[in-house]
Amino acid sequence: NGYNTSQTAPVAGAIERAYNNNKTDSSFLLIRVDFSDLEGGIVDDNNSTVQARFNSVKDYFNAVSYGKFGFDNMVTTPLLRLEKDSTYYADKDHGGSSENEDWEGYGKSGQLVTAGVDAARSAGYEINDYDFYFVATELGYTKFAAWAFLGKNGGLLSGHDMDARVFVHEVGHNLGLYHANSWDSNSTVPYDTNGTHVEYGNRYDSMGYTWGNDLDQLHYSASFKNLLGWIPDANVKSVTESQYAGRIYAMDRTLVDGRNYAIRIPADKSLDGEDNLDYWIEYRSRYPVNASLSDGALIYFSDNDATDEACKLLDMNPDPSNQQTYSNGSDFDDAALTVGNSFHDVQIGRGIRVIAKGGSGADAYLDIEVYSNPIISVHPVSLMAPLGGSATLSVTASGGFLSYQWQKNGTNISGATSSSYTITNAQHSDTARYQCVVTNGNGSVTSNSAGFTAYVEGLALNNTGGP
C-alpha cells in the first residue's frame, strides 16, 4: 500500500491536505481493466461483487463520519481491455512519488493506472467528472495490495478481491490520512525510545493493518476523525489542567453534542524522529470478544497534523519477549489501558487512569482521570496545644490519585494516611517535627515540616516545638 505525497489538496479541510472530507454526495468512478493474458477475475462483467463493495464502502463512511462524508453516486465502467499484456505492468517494486507526473512515479503500476484512465476516457468516462476514482485489476503485486494519492483523488486496487477494507484504506489516503501505526516497546515502558516503529501497526484502524478485523470495527481513529472535521474540537477534551476527571463515549458509534469522544493531552513528546507528539485517548465499543479493548482505552501518539509516522498506538501492557515482527499487531491484543489500571509518563509528569466503564452501544463510555505530579499548595503550620488537648495538622495538594503519609521526626506514623493528622490527648512525647509525604503514580513530594508542642498551661512556649 502507498500514497503519493507530492500531491496537494484542492479542497481545504480541517487539515490543509484534506480532500472532499465533508462532502456527503461524493461521486466515485471504478475503472475495471483486464488483459489478454489475464482475463476478468474479480473485475469481470458480472459486477455483483463491485456493487457489494460499493454498498459496504457507502455504509462504512456514513457510519465513520457520522453522516458528514459519503458517496452518493458510485459508477463502474464496463470491463476494459488494455493493449499491453499483464506481464508488461508486473514489477517487484512499488516505485516512489513523482514531482512531475501523477502516476509514473509508481513504476509499472503507475503506468497501469495511466493506461486504465486512458481506456476509460476512450469509453466515455472522464475522471475529472468524479470526486474519486480507482483503477481495479486482477493483477496483483507482491509488495502492496493497493495505493492511492494523498489528499487527491486516484488510486489502484490490485487483486485481493477488491476487499472493502482495502477500499476504505485507500480512500482514507485520498481524504488526506497517513497510516495508523504502532510503537513496539523494547521494555515495560510503552514509550521506550529503544522500541520500534511498526508501519500499519494499529490493527484497530482501517488506516493500519486491515486484515485482522471486520470492516465495521475498523473506524478511523479519533485523531484522524478530528483532523478531517468529523469529530469537532468541541467533542475532544484537551487536558491542560493538573488534574481532570471526565467521561469519553465510544467514538465508533454516533456523535452527540455535549459529549467527549476523545481526550488529548498536550505532551510535546519526541519519538523515533517524530516531534510535537501528544497523547490521545479513545474508547472503541465494537470489540466485545477482546477483553482488553472492551474494558479499556486505547492510547496513542499523534501530532496536530497527523504527519507521516506520527500516529503510533502504544501498548499499555508491553511484553519485551514478544516483539511485533509484522504489521498485523498480534502482540497488541492487550494494548488497552483497562479499568482500574493507570499509566504514567515520568518524563512529562502525567498519569492516566481508567476509573470505570458503563453504558452500551452508542452510550458506552469510560470514565478517565488525568493527573500530574503531586504539588503541595498549602503546607502544615506549627501548632501548640496544652497537655491533654488536641491539634490538627493539614496539607493541601493537587495532582490526582493522591496518598498521604504523615511522619514524626522523619518516621512514618501508623495509620496517619489522610490529608490531615490530629494529635489528641497531647503529651510531652508528642512534641516533635511533623511533615507529610504526598504520593501518586507519578512521584512524591514532602511538605515543609511543622513543629508541635504540648505544653503545661501557664508556661510560655514558642510554637516551634520547644520552650
field: Partner residues of K237 under the salt bridge (Lys or Arg N to Asp or Glu O under 4.0 Å) criterion, sequence neighbours left out
entry: E241
task: Begin from the C-alpha positions of D131 and S27 and carry the test side chain to side chain donor-acceptor pair (under 3.5 Å) through to its verdict.
output: CA-CA 5 Å; D131 298 308; S27 57; 3.3 Å; yes
Identify the two heavy atoms, one from [X] and one from [Y], that lie closest to each other, and give their separation to 0.1 Å.
X    : Y    : result
R350 : V239 : NH2-O, 3.5 Å
T76  : Y125 : O-OH, 4.2 Å
S444 : V437 : CB-CG1, 4.2 Å
L313 : I299 : CD1-O, 3.6 Å

Please check if any side-chain donor atom of [X] sits under 3.5 Å from a side-chain acceptor atom of [Y], or the reverse.
X   : Y    : value
Y60 : S206 : yes
T24 : D72  : no
D37 : S86  : yes
Y66 : K225 : yes

field: Plane angle bin for F69 and F71 - parallel if under 30°, tilted between 30 and 60°, otherwise perpendicular
entry: perpendicular
query: How are the rings of Y287 and Y204 set relative to one another: parallel (under 30°), tilted (30 to 60°) or perpendicular (over 60°)?
result: perpendicular
- request: Answer yes or no on whether K269 is positioned over the face of F301, meaning its NZ or CZ is under 6.0 Å from the six-membered ring centre and within 45° of the axis.
  value: no
Can you tell me if [X] uses its side chain to pair, donor with acceptor, with the backbone of [Y] under 3.5 Å?
X    : Y    : value
N290 : D333 : yes
R32  : T77  : yes
K357 : A364 : no
R53  : M162 : yes
Y261 : V256 : yes

message: Apply side-chain contact (heavy atoms from CB on, under 4.5 Å) to residues V113 and S109 and explain how you reach the verdict.
response: CA-CA 6 Å; V113 172; S109 68; 6.0 Å; no
message: For a 4.5 angstrom cut-off between non-hydrogen side-chain atoms, does F132 reach S26?
response: yes
field: Ring centers of Y209, F332 separated by less than 6.0 Å
entry: no
field: Listed partners of R353 passing side-chain hydrogen bond (donor to acceptor under 3.5 Å, both in side chains), at least two apart
entry: none
message: Using a strict threshold of under 4.0 Å (side-chain N to carboxylate O), is an ion pair present between R264 and D278?
response: yes
query: Thinking salt bridges, do R259 and D363 make one under a 4.0 Å N-O criterion?
result: yes
message: Within a 6.0 Å radius of atom CG on D257, are there more than 12 heavy atoms belonging to other residues, nucleotides or ligands?
response: no
- request: Could you give me the CA-CA distance, side-chain angles and deciding distance for N73 and D25, then say whether side chain to side chain donor-acceptor pair (under 3.5 Å) is met?
  value: CA-CA 7 Å; N73 182 31; D25 59 348; over 6 Å; no
- request: Dump the intermediate steps for ring-ring contact (aromatic ring centres under 6.0 Å, His included) on F28 and F61, then the final yes or no.
  value: CA-CA 13 Å; F28 186 95; F61 281 108; 9.8 Å; no
- request: Just jot down the side-chain contact (heavy atoms from CB on, under 4.5 Å) partners of T210, sequence neighbours excluded, or say none.
  value: R165, V166, H169
